[in-house]
Amino acid sequence: MERTNKRLFIDYSIERARSRSNMMRFAMATFAAVNVHLDAWVKHTNFSFVDTFIGAA
């Protein structure tokens, strides 16, 4: 768990954002966590936006 929190705050530069409120830090950490989850899902399913766009055209 600590590794995940460290990744969120360092990789997504939440500490350097200089937000003045805890609510803003929480929102940024939440968006980063969703991004990490979506990234893992995309890698797991081999999803490609390019293939989706080509299939829609």
Side-chain angles (χ1 to χ4, degrees):
M1 185 66 187
E2 288 182 24
R3 186 179 303 161
T4 303
N5 289 338
K6 184 177 180 181
R7 178 176 177 204
L8 290 178
F9 282 94
I10 292 175
D11 289 355
Y12 291 95
S13 302
I14 293 173
E15 293 286 326
R16 289 191 290 160
R18 293 183 156 186
S19 63
R20 294 179 185 237
S21 69
N22 285 333
M23 186 188 315
M24 189 62 178
R25 284 190 190 126
F26 177 75
M28 291 173 68
T30 302
F31 292 139
V34 169
N35 191 23
V36 168
H37 175 73
L38 289 175
D39 185 41
W41 178 75
V42 166
K43 285 182 183 178
H44 175 71
T45 61
N46 293 326
F47 180 78
S48 173
F49 284 110
V50 175
D51 294 338
T52 304
F53 290 138
I54 291 173

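Any value given below was found using the heavy atoms of this structure, including those in side chains, with hydrogens, waters and symmetry copies removed.
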| query | Is Phe26 linked to Val34 within one hydrophobic cluster, defined over Ile, Leu, Val, Met, Phe, Trp and Tyr using a side-chain heavy-atom separation of less than 4.5 Å? | reply | no
| note | Residues passing the side-chain contact (heavy atoms from CB on, under 4.5 Å) test with Val50, sequence neighbours excluded, are Ser48, Ile54
| said: Taking CG in Asn22 as the centre, count heavy atoms belonging to other residues, nucleotides or ligands within less than 6.0 Å. Is the count above 12? | reply: no
